[in-house]
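Okay, so here's the structure we're looking at.
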Amino acid sequence: IHAVSGDFAYEDVRQVVGSVRSLPSVPIMSVKIKSILRTESFSLKDVSMLISENPSICAKVLQVANSAFIVSSRNVTDLDDSVTRLGVDAISNVVAIAEIYSNIEGVPSAFVQETLQRGLKIAKLASSIAKSSDRNITMLAGILHNIGELILWQINPKGMEVYFEKRKHGQDNTELERQIFHVDNIQITSYLLHLWNFPYTVIECIILQNKIDKLIHYEFGGATAIYIAKMIINNLEVDEAIITHFGISEQLVQWRNIRE
């Protein structure tokens, strides 16, 4: 993490996050599902039964699956059907996302929902932009890329009022966040995902998503796809350095059409 981020103030983030009384807990159900999937005789029906024990998480699984992971002309409303369509590779990740968002406390539900919907929208476009080999990681990182904003609310609810007045939609608000909260949402997101044992490739996408100077030294991957998706969705111009380095001027037109 330190090698990628450069300015990732781990101790500062740990202290600030440690002051929050009700951090989302480790996604335990996701861990249980991974354990089930490692057994030779596992059944997706067993996974469905475990998820159905928690109605809140069950509802979130259906929402996340329908919004980003399942390509269908109709919403899937049956949990068994949803789990089957998601398949082995995606289900534990979808449950982890559902658990995290269900366990957020002390934050207005409207802001939690808005943050999730924004993440889902960016994830869906970013995963269609990414290479096929990067799509699952890009989808997961895209959905979780802004989870730290919810923790900023927990750190300083009054500071959020100032933040909402001054932030620039769709743009990098890192400096503003650090001025108000002494930490930024990307640092918080990366720190929490590290604590929860998410793959390093997901954390790397989140850390790099706004770092143009570093993205151009990597291959076209999930972080670049997430950056481009954010720019397109917010009707902002993609940095010329990204366009030139990756030679994507023609693809940008196609990607903007996907968004529309």
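Scope of the values below: all heavy atoms of this structure, side chains included, with no hydrogens, waters or symmetry mates. If you're wondering where the values come from, they're calculated on a predicted model, not measured in any experiment.
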Side chains of [X] and [Y]: closer than 4.5 Å at any heavy-atom pair?
| X | Y | result |
| --- | --- | --- |
| I104 | W153 | no |
| V47 | F42 | no |
| W196 | L144 | no |
| D80 | L44 | no |
| Y163 | N156 | no |
| R135 | S132 | yes |
| N136 | N93 | no |
| V238 | R256 | yes |

Just do the side chain to side chain contact (heavy atoms under 4.5 Å, CB included) check on H145 and K230 with the steps written out, would you?
CA-CA 11 Å; H145 83 280; K230 288 196 301 182; 3.9 Å; yes
Say whether, by atom type as modelled, one donor and one acceptor occur between the side chain of [X] and the main chain of [Y] under 3.5 angstrom.
| X | Y | answer |
| --- | --- | --- |
| S92 | S30 | no |
| S127 | K124 | yes |
| S52 | M49 | yes |
| Q154 | V107 | no |

Are [X] and [Y] grouped together when hydrophobic residues (ILVMFWY) are joined by side-chain heavy atoms under 4.5 angstrom apart?
| X | Y | answer |
| --- | --- | --- |
| V94 | L79 | yes |
| V31 | I33 | no |
| F164 | V183 | yes |
| L195 | I188 | yes |
| L62 | V95 | no |

Can you name the closest pair of heavy atoms from [X] and [Y] and give their distance?
| X | Y | answer |
| --- | --- | --- |
| I206 | S190 | CG2-OG, 3.7 Å |
| I207 | I186 | CA-CG2, 3.9 Å |
| N185 | E149 | CB-N, 3.6 Å |
| C205 | I226 | CB-CD1, 4.2 Å |
| A241 | I216 | O-CG2, 3.9 Å |
| T224 | E219 | OG1-O, 4.5 Å |

Would I51 and I91 count as a side chain to side chain contact (heavy atoms under 4.5 Å, CB included) here? Give the steps.
CA-CA 10 Å; I51 297 170; I91 185 58; 4.1 Å; yes
Apply side chain to side chain contact (heavy atoms under 4.5 Å, CB included) to Q63 and Q113, showing your working.
CA-CA 11 Å; Q63 179 188 1; Q113 188 66 16; 2.5 Å; yes
With under 30° as parallel and over 60° as perpendicular, where do the rings of F220 and F246 fit, or are they tilted in between?
perpendicular
Look at K32 together with E53 and state whether they make a salt bridge at an N to O cut-off of under 4.0 Å.
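Here K32 does not pair with E53 in a salt bridge, since their nearest N and O are not under 4.0 Å apart.
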Distance, nearest 0.5 Å, that separates [atom1] of [X] from [atom2] of [Y]:
| X | Y | atom1 | atom2 | value |
| --- | --- | --- | --- | --- |
| E240 | I242 | CD | CD1 | 10.5 Å |
| L176 | F181 | CG | CZ | 7.5 Å |
| N146 | R118 | CG | CZ | 4.5 Å |
| S41 | D46 | OG | CG | 8.0 Å |
| M160 | E177 | CE | CD | 8.0 Å |
| Q254 | I129 | CD | CD1 | 10.5 Å |

Could you check I147, V61, I57, V64 and say which one makes a side-chain contact (heavy atoms from CB on, under 4.5 Å) with I97?
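The residue from I147, V61, I57, V64 that satisfies side-chain contact (heavy atoms from CB on, under 4.5 Å) with I97 turns out to be V64.
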Give a yes or no on whether K45 atom NZ has more than 12 heavy-atom contacts from other residues, nucleotides or ligands under 6.0 Å away.
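Atom NZ in K45 is not packed in, count stays at 12 or less.
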Does a side chain donor of either D184 or T174 reach within less than 3.5 Å of an acceptor in the other side chain?
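Not at all, the side chains of D184 and T174 share no donor-acceptor pair under 3.5 Å.
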Quick one, K166 with Q179, criterion side chain to side chain contact (heavy atoms under 4.5 Å, CB included). Give me CA distance, side-chain angles, the key distance, then yes/no.
CA-CA 11 Å; K166 296 185 176 181; Q179 287 173 16; 6.0 Å; no
